[in-house]
Every structure is written in C-alpha cells, then in structure tokens.
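All remarks here apply to the structure that follows.
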Amino acid sequence: MNKKTFAAFVGPSVVMMILFIAIPLIFVLIQSFQVTQPVTELVEVEKCTPGFTGQICETKIETRQMFDDAGNPLRQTKFVGFDSYNKVLELQRAGAALAEGSIKAFLQIDFWKALRFTLTFTLITLPLVLGVGLLIALAVNNATQRIKGPIIFISLLPFIITPVIGALAIRWLFIGDGILTAAIEWYLARDVALFAQGWTIELMMLFYRVWHVAPFAFVVFYAGLQTVNQDTIESAIIDGASRFERLRYVIIPHMMPLVVFVALIHLMDAYRAFEEIVGFSSQAHIISLQWLTYDFLQADDSGNRSISRASASAMLTMIGIVLLLFPLLRKTWQDYRGGKI
Amino acid sequence: MKFKSIIIAGALSVMSTGAMADCAFTNVNTVKSLSAAFEAWKAVTSAMGECGNVEAELDQEFRTKQPEAFAANPSLYHIGGVANSTAVPLIDAGTIRPLDDLVAKYGQHLKPNQLVVVDGKIMAIAMMVNAQHMMYRNDILADLGIEAPQTYEEVLAAAEKIKAAGVVDYPLGGTYKTGWNLAEEFVNMYMGFDGAFFNADLTPSINNANGVAALEMMKKLTAYMDPEYLVSDSTYVQQQFQQGKIAMANLWASRAAAMDNAEESQVVGKVTMSTAPTVGGGSTPASTLWWDGIVIAANISDSAADNAFRVAMEGLDKEMVQANNDAAVWLVDGYEPTAAAAGAFATAENGAKPYPASKQMSLMHTALGNGIAAYLTGEKSASAALADIEAAYTTAAKEGGLLN
C-alpha cells in the first residue's frame with residue numbers, strides 16, 4: 001500500500017481521535033491543575049418560605065455571587081498545581097494511617113477504598129472471564145451442528161443487554177424478597193439479605209461482570225478455534241496426546257494472541273467498573289474509581305460540582321489503566337519486535 | 001358530597017378533552033416551561049396548557065438543565081418549576097426575575113403564604129408543600145394497645161412491642177438509601193435536636209453532641225428495619241407499607257395518598273397519618289418542610305414575562321386544585337385537606353422548620369449522603385464519621401469558592 005492510500009484510509013480516524021480523544025484529554029489535564037470559582041461575598045439574607053399556617057421567615061448569613069457591570073457572574077480561575085490530585089489521594093491521611101499500621105483506617109479513605117475494590121474486581125474477574133469464555137467456546141465447538149446456532153445465540157444474550165439494564169435486572173432478582181433471594185431463603189430455611197453487607201454485594205458484582213463479559217471472550221475464542229490447524233491436531237492424536245494435552249500444548253499456544261487481546265480489553269473495561277455501583281446502589285459499602293469521578297462531577301441540587309477533583313480523578317484512572325496494561329503491552333511489543341506475530 | 005364529586009368529574013373531563021374553556025384569556029405567544037415530572041406538575045402544566053401555545057417539558061433531570069438553560073440569553077424557558085434547593089442556583093446566578101410587579105398586577109388572589117421572599121423581593125410562587133411525617137398501621141397499634149407515638153423514643157418502644165408480637169416482617173421502614181435520602185433523614189433528625197449545620201463563617205458545625213445523638217438515634221431505628229435499609233428509597237418504603245410488611249415509617253406526605261390506592265395497596269384505610277415525632281426531649285418535629293413552585297426567567301422581555309406569568313397563574317388556579325385535590329398538599333386557594341394530608345399539617349403546626357436550602361447546604365447534603373453509611377455499617381464511630389463529613393464538606397466548599 002503506498003503512502004497516499006494509507007493516509008487516505010487512516011486520516012479520518014486519526015482526525016476523529018484527535019478531535020474526540022486527544023483534545024478533550026488535554027482539556028481534562030489542564031482542568032486538573034486549575035480551579036475555577038465564583039467570586040462571592042458574605043451577606044445577611046432574609047428569606048421567607050411557605051408553611052401551612054403562614055410564612056416562615058429566617059435571617060441567615062449566606063454567600064452571594066458577585067456580578068460585573070454587564071450583569072455577568074464573576075469567576076476566577078487559578079493554577080493550583082497538584083492540589084486537586086492531593087485532595088483526591090489524601091496522601092497525608094493515607095500516610096498517617098499506614099504509619100499507624102491501620103489498614104482499616106487506610107481503606108476508609110475514598111480513593112484507596114475505591115482502588116482496593118477496583119483492583120480486586122479487575123483481577124478476580126479476568127481469569128474467570130477467560131476461563132468461562134474458553135469453556136463455552138470449546139463446548140460450542142464440540143456441539144453438533146444442529147444445536148450450534150441456538151447455543152451461540154443464548155450464550156451471546158448477556159453481552160447484548162445494555163450493562164446498566166443487566167445490573168438492574170440482577171438487582172431486582174436479589175433485592176428484598178426478589179425471586180432468587182426467596183429461593184435461597186427457601187433452600188437454606190433462613191432469612192437472607194444480600195444487599196445488607198459489602199461482601200455479598202461484591203460477590204453479586206463479580207457474578208454479574210463475568211456473566212456479562214464472558215460471551216465476548218467466547219466469541220473471540222470460538223473464532224480462534226476455527227483457525228486451529230487440523231493437521232497439527234491429527235498428528236497430536238496419532239502421537240497419543242490426550243484431550244487435555246491437545247488443549248494445553250496445541251490449542252492454547254495457538255490462541256495466545258487472542259487471550260492477550262481479550263485480557264487487554266477486559267482489564268481496560270473492568271478498571272472502569274461503574275454500572276455495578278449504580279445498578280446495585282452499593283455506595284454505602286463499595287465504590288469504584290470511575291464512580292468516584294462521577295460523584296465529583298455530578299451536580300447537586302444547587303448546581304455545585306467539583307470539576308477539578310473530577311478531572312484529577314479521571315487522570316488518575318487513566319494512569320492506573322496504563323500501569324495495569326503495561327506488562328501485557330510490553331509483551332505484545334516484544335513479540336512483535338521478535339517477529340512472532 | 002355527591003355534588004362535589006360531580007363537579008370534580010366535570011372538571012376532569014374538561015381537562016382530558018383538552019378544551020381551552022378554563023383559561024381566562026387566549027394566549028398567542030409561545031410559553032415554555034421546564035419542571036419536575038411528578039403528578040402535581042402534570043396537573044399544573046396541563047392546566048396552563050388550556051391557554052394554548054404552552055410547551056411544557058416535564059423532566060426529572062430538570063435540576064441539571066435549569067441553571068444553564070436560564071443563564072442563556074434569551075432564556076430557553078420562560079417558566080421554571082423549582083423546589084427549595086433547586087431555586088438556589090437560579091437566585092444566586094440572577095437568572096430569575098423578582099415578581100413583585102407581576103404579583104401586584106395578576107396575583108391578587110395568591111395567599112401571602114405562597115410568596116417566596118428573598119431580601120424583600122418575591123422570587124417564586126409556591127404551589128405545594130411536602131414533608132416527611134409519621135405514618136402508622138392503626139390496626140396493629142390498636143391491637144397491641146400502643147398509643148400513636150409522638151417522640152422517637154416512643155417509636156422505639158412501639159417498634160419493640162411490634163417486633164415481639166411478630167405481626168409484620170419489620171416494625172419500621174425508612175428512606176435510608178445512601179446518598180440524598182439518607183442525608184435527608186439525618187437533616188430531619190438533626191433539626192429535631194435543634195442542631196445548626198454551620199457556624200457564622202459557614203464552616204461546618206455538625207460534629208457535636210447533637211450530631212452524635214442524631215446518628216445514634218438513626219442507628220437505633222435501623223435495628224427494627226429491613227437489613228437492606230441502605231438501598232431503600234421512598235418508593236421501596238411505600239411498597240413495603242402497601243404490602244403490609246412494615247407497621248410504621250417517617251415517609252413523604254406526597255406518598256400518603258398511595259396507601260389508600262386500592263389497586264396497589266393491601267392496607268387501604270389502615271394507615272394513619274400523624275405528625276413527625278420529636279426527639280431527645282425537643283419540641284420541634286424531626287422533619288423539614290419543602291415547597292415546590294414556579295419562577296420566571298430574567299433573560300426574557302418584560303412583555304414575555306408578563307404573558308408567561310399570566311399563563312402560570314392559570315395553571316395555579318382554583319379549578320386546577322379542585323380537579324386534582326389529592327395530587328399534593330396544595331397551598332393554592334380551593335384546596336380541601338383530606339385525611340392523607342393530616343400528617344403534613346400536624347407536622348407543620350407543631351413547628352417543623354423549612355429545609356435550610358443554600359449552596360453550602362447542598363454541599364453538606366452530598367457530604368452527609370456519602371458519609372453516614374460508614375457509621376451505620378459500623379465502619380467508623382459516630383464522631384469519626386461526622387469529622388470526615390465535615391472534612392469532605394470543607395474540601396468541596398473551598399474548591400467551589402464558597403468557603404475561604
């Protein structure tokens with residue numbers, strides 16, 4: 001392919017990536033080092049609001065927005081360096097907790113609590129997704145032609161459902177006396193409340209994520225299985241390799257690049273865990289890094305939002321993903337340099 | 001009685017056919033409104049629609065849209081539907097106009113009670129109020145010989161008896177869902193202890209004996225609730241009531257009518273509405289009063305504002321209230337309080353205070369909503385949780401330029 005054709009094919013997507021990924025990212029980076037505030041003054045205000053029998057008047061000291069001559073609200077933007085990052089990370093408090101040797105106090109700090117959950121969630125679901133995906137792929141591959149279609153369709157269903165809807169569906173199965181909770185209660189003959197403590201919610205989240213993502217791994221692996229060299233398999237059979245040995249020494253090495261690919265995508269997705277938190281309303285027990293960013297960014301009733309801390313938190317999430325992907329990316333790069341791919 | 005229901009039926013049928021007969025004038029200019037989407041707003045906006053050329057947008061996400069939409073010039077909406085807390089950013093940014101002239105011109109029929117006045121200027125017209133108050137199963141309390149509880153201490157004693165009798169799954173219900181709901185429960189309880197949220201310089205002041213006492217009372221109550229109380233919101237508690245799973249709850253007045261809705265409820269006629277209890281020997285009910293009402297945009301011409309206000313007044317008239325008497329606890333003239341509103345009235349008469357809405361209070365509300373659960377789950381002590389909430393508030397207020 002000559003350079004001109006290459007540019008014509010790649011150009012549009014590069015432009016889109018610059019426009020929709022690079023530029024916003026630069027803005028977020030800048031915002032994370034700045035704070036924009038309204039200019040306010042303290043005033044005494046008398047407010048009268050309705051009661052049933054009559055008005056209720058109160059005098060309170062409040063801040064009031066100041067305006068310029070044209071009637072626009074005054075704002076000021078200042079450079080704060082790493083202040084917003086520090087407010088998210090709460091390093092002094094974290095340091096003090098660790099110096100005391102109190103893991104409990106350390107994990108009470110929002111960011112570290114969220115990081116703890118996000119990392120365990122990501123690392124536990126990864127092998128499960130790969131394993132379950134491979135199992136379904138092998139099962140479907142060995143199924144007879146007639147039922148393959150329906151099995152593929154049913155296995156793909158969880159992946160098609162919108163993540164938040166899927167999380168809500170699981171929530172309604174288990175919350176209060178939901179169908180499945182009622183079933184568990186009947187089986188164990190005791191009262192069960194799955195949303196009352198952190199670990200049961202965390203288990204449901206793991207279950208939900210594996211249920212939701214395994215079909216993606218399955219589709220990729222199933223496609224990979226179609227490309228396994230049948231001659232190699234046959235020679236392995238002739239050499240007396242058992243079914244497991246064929247899987248271990250022929251099929252999996254062949255599919256390794258696909259495993260790395262699925263792992264990369266899953267690590268990226270799972271580190272941004274969010275639907276689980278919102279779907280299960282688990283904020284009381286469990287929060288994730290992405291939810292923390294959302295919480296900073298979400299405006300309250302009076303329109304306050306913490307954009308600087310949200311930006312800092314988003315940048316930290318990105319740094320986290322890069323760190324997590326680094327070993328896999330380096331391996332892929334080395335394979336590529338060594339000409340293995 | 002029969003005559004009245006005939007009138008109501010008549011009014012309803014007029015509304016449903018969308019006839020423009022009920023409007024005192026024919027509106028020729030487009031009037032746009034943005035408000036929340038619950039039943040009362042549906043009633044008001046459809047009554048405004050009778051004047052013609054009204055584009056009403058009902059959206060539960062109105063609060064995130066309103067500040068930007070009203071800051072545009074010209075404003076994207078003429079009329080806004082707001083509550084205590086959602087009026088704050090509009091007043092603060094100066095994007096809604098004082099209504100004194102318009103009230104003098106078209107609003108003589110408004111009760112003084114409906115006027116929301118900030119620094120001597122009328123900024124909003126309230127149409128309804130809402131508050132959390134006690135609802136209890138009169139049959140269960142009568143069977144067990146329990147008097148209607150007037151204080152939270154009596155609520156605990158009653159809950160213990162109900163638990164011992166084993167007549168319901170859980171004696172109490174509570175809107176303790178982490179976030180806004182849980183924070184509101186604390187605000188109610190803390191106000192019952194006469195607590196103040198801020199010092200004179202707007203630094204936080206909740207980490208004190210009253211704050212700890214409020215949290216401890218909340219924890220004692222949770223012992224009688226469904227263990228999943230940290231995910232239970234108003235709708236969940238309402239359903240627990242309707243399905244006969246709980247016997248008492250401090251629930252919103254706007255949910256009261258649902259208890260007697262025979263289509264959903266198994267406890268029709270068995271739920272009595274009464275005042276929000278006091279707590280800790282105090283005299284103020286542990287509840288806060290909320291209002292909903294309308295505001296008019298600043299960034300529109302005076303004639304457009306004049307027109308929009310007339311349309312809004314048509315939406316808030318006597319006919320609308322008579323046709324939708326049970327949709328809310330209306331402040332508008334013509335409202336006939338029903339048994340469902342008795343709890344809200346009693347709470348207000350006993351001196352419950354308005355929700356202390358301000359920019360700082362919203363930050364405090366968010367910090368409370370995120371921080372209280374750690375105490376209820378036993379992760380932190382009461383004063384540690386309150387100290388962390390104060391720290392979270394201080395960080396957010398400094399970042400927002402609301403605290404030096």
Side-chain angles (χ1 to χ4, degrees), chain A residues 35-40 42-43 45-58 60-65 67 71 73 75-76 84 87 104 108 110 171 175-177 191 193-198 280-285 287 295-296 298-309, chain B residues 63-64 67 83-86 88-89 92-94 112-120 126 129 177-179 200-202 226-228 230-231 236 289 291 293 329 331 344-345 348-349 353-354 356-363 365-366 370 373-374 376-377 379-380 388 395-396 399-402:
Chain A
V35 169
T36 302
Q37 297 174 326
V39 181
T40 56
L42 276 181
V43 285
V45 182
E46 191 194 28
K47 273 189 180 176
C48 297
T49 52
F52 290 91
T53 39
Q55 275 183 320
I56 304 168
C57 294
E58 288 174 317
K60 284 197 298 188
I61 294 172
E62 285 192 356
T63 49
R64 187 193 296 172
Q65 170 80 50
F67 297 88
R75 293 182 186 287
Q76 56 179 7
S84 297
K87 280 178 182 161
K104 195 180 161 205
Q108 278 173 2
D110 282 347
R171 171 199 164 106
I175 198 167
D177 287 329
D191 201 27
L194 289 172
F195 280 86
Q197 55 281 318
F280 294 162
S281 349
S282 70
Q283 298 91 304
H285 305 280
I287 54 175
D295 191 47
F296 287 139
Q298 182 77 343
D300 64 23
D301 275 359
S302 299
N304 305 301
R305 50 175 104 206
S306 308
I307 291 181
S308 304
R309 272 190 293 164
Chain B
R63 64 188 185 120
T64 49
N84 299 34
S85 54
T86 46
V88 170
D92 195 56
N113 195 11
Q114 277 180 271
L115 309 176
V116 177
V117 184
V118 178
D119 255 354
V129 284
K177 182 177 174 176
T178 328
D201 58 353
L202 296 175
D226 183 338
E228 292 175 353
L230 285 172
V231 290
Y236 192 75
L289 300 181
W291 55 264
V329 180
L331 290 169
F345 271 94
E349 266 164 20
K353 296 197 182 114
S358 71
K359 288 219 115 174
Q360 280 80 6
M361 191 60 205
S362 290
L363 291 175
H365 205 106
T366 306
N370 285 340
L376 295 177
T377 56
E379 206 181 303
K380 293 180 191 167
D388 283 353
T395 306
E399 186 178 341
L402 299 170

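Scope of the values below: all heavy atoms of this structure, side chains included, with no hydrogens, waters or symmetry mates. Throughout, a chain's letter reflects where its sequence line sits, starting with A, and its residues are numbered from 1.
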Tell me if a side-chain donor or acceptor on [X] pairs with a main-chain N or O of [Y] at a distance below 3.5 Å.
X         : Y         : result
Glu228(B) : Ile175(A) : no
Asn304(A) : Lys359(B) : yes
Gln76(A)  : Gln37(A)  : no
Glu399(B) : Ser308(A) : yes

Heavy-atom distance under 4.5 Å to chain A: side chain of [X], backbone, both or neither?
X         : value
Leu376(B) : neither
Leu363(B) : both
Ser358(B) : both
Asn84(B)  : neither
Ala344(B) : both
Thr377(B) : side chain
Val116(B) : both
Pro112(B) : backbone

Chain B: which of [options] shares the most heavy-atom pairs with it under 4.5 Å?
options                                  : answer
Arg305(A), Lys87(A), Gln108(A)           : Gln108(A)
Pro73(A), Gly198(A), Ala196(A), Pro50(A) : Pro50(A)
Gly303(A), Ser281(A), Ala299(A)          : Ser281(A)
Asp110(A), Val35(A), Ile56(A)            : Ile56(A)
Leu194(A), Asp300(A), Val43(A)           : Asp300(A)

Best-contacting candidate, [options], against chain A by heavy atom pairs under 4.5 angstrom:
options                                  : result
Pro354(B), Pro356(B), Gly94(B), Ala83(B) : Pro354(B)
Asp201(B), Thr64(B), Leu202(B)           : Leu202(B)
Glu349(B), Met361(B), Gln360(B)          : Gln360(B)
Thr178(B), Asp119(B), Thr395(B)          : Asp119(B)
Ala396(B), Pro89(B), Ser362(B)           : Ser362(B)

Using non-hydrogen atoms and a 4.5 Å limit, figure out which bit of Ile61(A) sits close to chain B: side chain, backbone, both or neither.
both
So, using side chain to side chain donor-acceptor pair (under 3.5 Å) as the criterion, who are the partners of Thr40(A) when residues are at least two apart?
none
Given side-chain hydrogen bond (donor to acceptor under 3.5 Å, both in side chains), test Ser302(A) with Arg63(B) step by step and report yes or no.
CA-CA 8 Å; Ser302(A) 299; Arg63(B) 64 188 185 120; over 6 Å; no
Between Lys47(A) and Glu62(A), does any side-chain N to carboxylate O distance fall below 4.0 Å?
yes
Arg64(A) with Asp92(B): basic N within carboxylate O range, under 4.0 Å
no
Taking only residues two or more places apart in sequence or in another chain, which ones pass ring-ring contact (aromatic ring centres under 6.0 Å, His included) with Tyr236(B)?
none
Could you give me the CA-CA distance, side-chain angles and deciding distance for Lys353(B) and Leu289(B), then say whether side chain to side chain contact (heavy atoms under 4.5 Å, CB included) is met?
CA-CA 6 Å; Lys353(B) 296 197 182 114; Leu289(B) 300 181; over 6 Å; no
So CD1 of Ile307(A) and CZ of Phe296(A): to nearest 0.5 Å the spacing works out to 13.0 Å
